[in-house]
Amino acid sequence: MSFGKGHHLHLVDGSAFIFRAYHALPPLTRKSDGLPVGAVSGFVNMIWKMIEDNKGPDAPTHAAVVFDKGSHTFRNDMYDKYKANRDEMPEDLRPQIPLTREATRAFNLACLEQEGFEADDIIATLACRAREAGGRVTIISSDKDLMQLVGGGVEMYDAMKNARIDADGVRDKFGVDPERVVDVQALAGDSVDNIPGAPGIGIKTAALLINEFGTLEDLLARTDEVPQPKRRQTLIDNADQIRLSKRLVQLDCDMDLDYDLDSLEVKEPIADDLLGFLTDMEFRTIVKRVSDGLGVDAPVITDTTPQGSDPVDDAKQVAFPDAYDWVKVTDTLKDWIARAHARGYVAVDTETTSLNEMQALLVGVSLCIDPGEACYIPLGHKENAEADLFATDALAEGQIPFDEAMALLKPLLEDPSVMKILQNAKYDCKVLARLGVQVAPVDDTMLMSYAMNAGLHGHGMDTLSERYLGHAPIPIKELIGSGKSQITFDKVNVEKAVKYAAEDADITLRLWHLFKPQLHRSKVTTVYETLERPLIPVLARMEMAGVQVDRDVLSRMSGAFAQKMAGLEDEIRELAGADFKVSSPKQLGEILFDKLGLPGGKKTKTGAYQTGADILEDLATEHELPGLILDWRQVSKLKSTYTDALQDHIDLETGRVHTSYSIAGANTGRLASTDPNLQNIPIRTEEGRRIREAFVAPQGRTLVALDYSQIELRILAHIAGIDELKQAFKDGQDIHALTASEMFDVPLDEMTPEIRRKAKAINFGVIYGISGFGLARNLRIPRDEAQGFIDRYFERFPGIRAYMDETVKFAKDHGFVQTLFGRRINTPDINAKGPGAGFAKRAAINAPIQGTAADVIRRAMIRMEDAIADLPATMLLQVHDELLFEVDEGSEDALIAAAREVMEGASLPAVHLSVPLEVDAGQGANWAQAH
DNA sequence: GTACTCACG
DNA sequence: GACGTACGTGAGTACG
């Protein structure tokens with residue numbers, strides 16, 4: 001009998017089920033092999049519950065579970081930014097997607113998906129057909145995009161809230177009848193799906209307009225009748241965008257489907273199929289429940305755990321062996337690789353000749369699959385290596401030829417179904433990338449620790465091993481020595497190398513077993529998945545790209561600086577009346593305070609006089625010497641740290657400078673740049689700024705810099721909820737001038753630079769956890785005056801003080817603070833007594849602000865590569881609130897537009913800031929011009 | 001190896 | 001009542 005009156009169709013939004021299950025549940029893994037199955041388990045539970053709940057007279061006669069397929073749909077062809085700000089699917093969810101299809105079929109339910117269409121379109125087409133045939137439909141989903149289908153026998157059911165949604169429910173939500181929902185959505189837009197809509201019009205206004213004009217088409221045809229001038233203009237200006245939005249939200253009710261409603265008739269699950277699947281998944285509880293429900297005996301799930309015990313326990317309890325496997329022949333290597341494939345994960349570590357990844361040569365690879373069982377595959381060890389006298393270029397015995405081994409390892413390292421577990425993965429990924437191996441997918445124990453333990457301790461392997469495994473790894477010094485006599489790893493005796501290298505892989509695997517379940521318990525899985533791990537390949541590519549630095553420019557500046565220093569030194573010695581080392585603060589202090597008897601003379605804790613810039617500036621009014629010292633120091637700093645040291649960092653092969661970013665270096669989530677540090681290139685003084693002229697674009701290219709304007713103050717305004725500040729940012733006002741005006745009762749048009757400067761210092765102070773002492777020192781004013789400013793500021797902006805108090809209280813209660821994106825920064829000293837207390841408090845106040853800004857730019861960087869993929873552009877550097885790019889001449893504007901859009905929308909959809917993020921852009925032949 | 005100083009956001 | 005502080009980094013130099 002064909003589908004019609006009296007029939008009831010259930011349509012389940014399967015993809016939504018999966019995401020809900022994934023995010024609601026801990027990251028369960030299959031015990032026998034560690035396969036992630038948490039989302040599958042949640043999905044199965046939801047389907048089973050749905051079946052159980054829908055027995056009885058109103059039971060569905062027909063049913064289907066509908067899924068999205070692929071990420072590119074016909075909507076992307078209409079609008080390339082459709083759903084563009086969706087975060088990427090978490091790595092451990094990806095392998096579960098096919099399993100949910102399998103689960104659906106195991107339930108004997110129709111499993112529907114179609115390339116190029118969203119689940120919503122299939123649901124729409126089927127719902128419309130069922131309605132036309134005179135039957136009833138229940139759509140099991142809470143997605144508001146499906147509400148346009150409600151009515152005429154079609155209802156929705158929100159399985160989480162246990163609530164049915166009928167036409168009245170839709171009217172409650174959208175303020176219009178279901179058939180007009182698309183009109184409202186087209187006007188209001190949707191930041192989650194990146195539907196543009198009309199700026200400034202939300203659901204409320206949209207419903208008002210639609211109810212007044214009838215339909216969207218009528219409204220757009222009669223915009224001249226809209227009474228509010230601003231609203232009218234918005235509608236006129238954005239008419240095309242609104243029409244596009246409507247086409248984006250309008251579901252396709254008329255898809256070509258190669259099946260009909262009758263084929264969706266409900267069939268009882270076949271016990272063997274269903275229980276077979278559930279047993280395979282090792283879902284003990286569900287197997288029991290389903291068996292009871294079906295009235296059959298529950299099958300036994302045999303325990304097939306690798307060593308018959310829990311990997312978390314093994315990680316800590318299995319002893320570290322005295323010897324590991326030295327892989328000498330390809331058969332042994334093949335055996336290890338087969339084991340890794342069978343297990344689905346493997347810990348990997350590489351040994352190389354250098355800490356600099358751009359120069360490091362691969363010397364060997366170690367693998368580990370079970371605690372205590374690891375191997376080392378030596379590839380580039382030299383013969384007679386340790387005795388310099390006999391060192392030759394000949395390779396040591398017992399090694400597989402390099403290319404042969406790499407040909408075997410590459411497929412494993414690139415296999416999407418085998419998780420590679422590394423400590424500080426970026427390093428190994430870069431070394432291997434230079435050999436043409438793109439390691440993926442990757443888990444990084446260092447980043448797992450960082451996500452959970454930032455602020456508690458470092459995240460290097462030695463620290464983690466001692467802390468969490470109670471085992472001190474073999475120090476690298478024992479193999480390569482230290483200082484002048486240090487050797488490279490290729491000269492290390494292979495026997496010793498096996499012990500050391502395999503142990504590192506063993507430790508990494510054990511840490512992973514410990515950390516993986518903890519990640520979820522600490523509620524930082526999302527942080528790890530969205531802010532830490534995806535950054536590894538992004539930074540690796542930026543570092544390998546490097547930035548071109550003009551050696552001649554630096555060299556010329558060095559010469560000029562040397563001359564200037566020599567001249568200053570002569571003057572300094574003359575004024576001092578003595579010969580001394582100008583670079584020695586100790587000697588300088590004695591000259592200033594003992595010999596010349598200048599006033600002041602504070603001592604450091606080691607008993608030497610302080611000679612910092614602030615002290616010398618104060619003394620400059622007393623004597624000529626301090627000023628000259630300051631000049632000398634500035635030039636000396638520029639020469640030694642920049643014009644000289646930077647030249648040594650130019651890579652001879654690429655002719656460029658390749659920094660290294662540490663992802664887990666700064667507690668707040670900021671990156672840190674080392675070897676060289678390219679995040680502290682001078683800019684504040686004119687002379688220093690010229691160093692940036694040495695950072696150049698190659699022939700035919702341009703440097704483009706984009707930086708967030710006032711991002712930390714904006715975030716503070718959002719977090720603390722300060723309406724005046726939020727409004728000022730929305731209106732594009734000068735925030736420091738506004739603060740000054742509010743505090744000192746000076747109208748904006750009478751603002752002086754001096755008053756504004758004070759307000760600016762206060763604004764920065766607020767971000768740092770202001771204190772009277774600190775502000776006084778910064779502004780060089782008496783302390784009580786500074787305290788007066790602060791008091792007035794808090795009087796004017798009471799919300800800021802409330803934020804500070806709440807943050808400190810949160811830190812005291814929980815032992816950590818959080819960013820808007822859930823990043824956790826531990827505050828172990830927050831309850832300390834004594835001088836440390838103030839320090840910890842200020843750090844706790846600052847961390848959520850600095851950390852949220854760091855999260856925002858991380859999100860932008862992760863999305864940036866896709867966003868500029870079609871442009872001849874490369875992302876090169878990050879300087880906390882700035883990104884530097886290189887782009888072919890002629891494409892500058894396209895790059896700026898694309899990058900700005902990513903940066904300004906980087907918080908979405910996870911966090912909707914109540915202040916706009918603004919990005920300034922510049923371009924030029926060198927970094928000085930681009931800024 | 002530690003202390004001091006100074007470059008950046 | 002005194003203490004000692006702006007938040008977060010990395011690197012070069014002196015000095016023991």
Side-chain angles (χ1 to χ4, degrees), chain A residues 454-455 482-483 580-589 602-616 629-630 632-646 648-649 659-662 665-685 687-689 691-692 707-713 716 761-779 783 786 790 804 817 825 833-851 853-854 857 877-882 931:
Chain A
S482 66
F580 73 104
K581 217 169 177 43
V582 183
S583 58
S584 165
K586 188 167 167 262
Q587 292 182 33
L588 173 67
K602 277 187 285 184
K603 302 258 182 130
T604 66
K605 52 190 160 188
T606 52
Y609 288 112
Q610 289 182 0
T611 66
D614 47 348
I615 308 249
L616 296 186
I629 298 284
L630 283 169
W632 183 90
R633 279 201 181 153
Q634 201 201 349
V635 181
S636 161
K637 175 79 176 179
L638 292 176
K639 181 172 187 296
S640 63
T641 308
Y642 300 105
T643 57
D644 287 349
L646 218 42
D648 299 335
H649 282 284
T659 183
S660 180
Y661 289 101
S662 45
N667 286 338
T668 53
R670 274 196 181 178
L671 301 178
S673 159
T674 63
D675 307 303
N677 181 355
L678 294 186
Q679 291 182 321
N680 71 346
I681 304 301
I683 194 168
R684 291 174 187 171
T685 67
E687 201 165 28
R689 195 189 179 95
I691 306 268
R692 294 188 175 223
D707 67 291
Y708 283 107
S709 156
Q710 309 281 9
I711 186 169
E712 292 191 353
L713 272 178
L716 174 68
I762 295 167
N763 276 334
F764 275 104
V766 165
I767 292 170
Y768 298 152
I770 201 159
S771 75
F773 185 92
L775 183 65
R777 204 177 64 167
N778 192 288
L779 281 177
R783 192 170 159 181
I790 295 171
M804 292 182 163
V817 292
I825 297 113
K833 297 270 181 286
F839 208 74
K841 270 190 197 173
R842 289 191 298 274
I845 290 166
N846 173 259
I849 303 167
Q850 189 181 117
I857 198 165
L877 300 179
Q878 188 248 43
V879 192
H880 309 309
D881 63 359
E882 170 187 354
H931 211 278

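In what follows, every heavy atom counts, from backbone to side chain, and hydrogens, waters and symmetry copies are set aside. Since the model is a prediction, treat every value here as computed from it, not as a measurement. A, B, ... follow the sequence lines: proteins, then strands. Residue 1 opens every chain.
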So what does A/F764 touch, heavy atoms closer than 4.0 Å: a base, only the sugar-phosphate, or nothing?
nothing

Discussion item. Heavy atoms only, 4.0 Å cut-off, all strands: where does A/I767 land among base, sugar-phosphate and nothing?
Written reply: nothing

Considering every strand and a 4.0 Å limit on heavy-atom distances, what is the contact class for A/A786: base, sugar-phosphate, or nothing?
nothing

inquiry  = Base, sugar-phosphate or nothing for A/F773? Non-hydrogen atoms, less than 4.0 Å.
reply    = base

Separation of C/dA6 atom P from A/R783 atom CZ, nearest Å, is 12 Å

- Message: Does either side chain, that of A/T611 or that of A/R633, offer a donor lying less than 3.5 Å from an acceptor on the other one?
- Response: yes

Exercise. Any donor-acceptor pair under 3.5 Å linking the side chain of A/T659 with the backbone of A/S673?
Worked result: no

Need one value for A/D881: base, sugar-phosphate or nothing, where a base atom within 4.0 Å counts as base even if backbone is also close, heavy atoms only. sugar-phosphate

Pairwise side-chain contact, A/F773 with A/R783, heavy-atom cut-off 4.5 Å (strictly under): yes

Rounded to whole Å, the NE2-P distance (A/H880 to C/dC7) equals 16 Å

SB check A/K639 A/E687 (cutoff 4.0 Å):
no

Symbol by symbol from the 5' end, with Watson-Crick or G-U pairs under 3.5 Å, [ ] crossing and | another strand, DNA chain C is ......|||||||||.

When rounded to the nearest 0.5 Å, the distance separating CD1 of A/I681 from CD1 of A/I691 is 7.5 Å

So NZ of A/K586 and OG1 of A/T604: to nearest 0.5 Å the spacing works out to 10.5 Å

*Atom CZ of A/F580 with >12 non-hydrogen neighbours under 6.0 angstrom*: yes

In whole angstroms, the gap separating P of C/dG4 from CZ of A/F839 amounts to 14 Å

From CD of A/Q679 across to C1' of C/dC7 the rounded distance in Å is 15 Å

In the 5' to 3' direction, the nucleotides of DNA chain B bounding the stretch that comes under 4.0 Å of a heavy atom in chain A are B/dA3 to B/dG9

> When rounded to the nearest Å, what value does the distance between P atoms of B/dC6 and C/dA6 take?
Replying inline: 14 Å

Heavy-atom contacts, protein to nucleotides 11-16 of chain C, under 4.0 Å, summarised as B (base), S (sugar-phosphate only) or - (none) per nt, yield SSSSSS

- A/E882 versus A/H931, side-chain donor and acceptor atoms under 3.5 Å: yes

Here the distance between atom P of C/dT9 and atom CD of A/Q850, to the nearest Å, is 7 Å

Taken to the nearest whole Å, CE/A/M804 to P/C/dA6 is 16 Å

message: Do A/Q679 and A/Y661 have side chains that approach each other closer than 4.5 Å (heavy atoms only, starting at C-beta)?
response: yes

Between CD1 of A/I762 and P of C/dC7 the distance, given in whole Å, is 17 Å

| task | Report which part of the nucleic acid A/G612 touches: base, sugar-phosphate, or nothing (heavy-atom distance under 4.0 Å, all strands). | result | sugar-phosphate

Within the 4.0 Å heavy-atom criterion, would you say A/R689 contacts the bases, only the backbone, or no part of the nucleic acid? nothing

Note to self: Using the P atom as the point on both nucleotides, what is the distance between C/dT5 and B/dT5, in whole Å?
What the structure shows: 13 Å

N or O in side chain of A/R670 less than 4.0 angstrom from C/dG8 OP1/OP2: no

Taking every heavy atom of A/P682 against every heavy atom of A/L638, the minimum-distance pair comes out as CG-CD2, 3.6 Å

Heavy-atom closest pair (A/H649 atom, A/A645 atom, distance to 0.1 Å) is CD2-O, 3.3 Å

Between CD of A/Q878 and P of C/dG8 the distance, given in whole Å, is 18 Å

May I ask you to say what A/Q610 touches in the nucleic acid, namely base, sugar-phosphate or nothing, with a heavy-atom cut-off under 4.0 Å? sugar-phosphate

*With heavy atoms under 4.0 Å as the rule, sort A/N667 into base, sugar-phosphate or nothing.*
sugar-phosphate

Separation between CD1 (A/I762) and CG (A/L779), nearest 0.5 Å, reads 7.0 Å

Next item on the list: Please work out if A/R684 contacts a base, only the sugar-phosphate, or nothing of the nucleic acid, heavy-atom cut-off 4.0 Å.
Entry: base

Contact class for A/I849 (heavy atom, under 4.0 Å): base, sugar-phosphate, or nothing? nothing

Next item on the list: Classify the nucleic acid contact of A/I683 as base, sugar-phosphate or nothing, counting any heavy atom under 4.0 Å across all strands shown.
Entry: sugar-phosphate

Is A/S583 close to A/W632 at the side-chain level, that is, under 4.5 Å between some pair of heavy atoms? yes

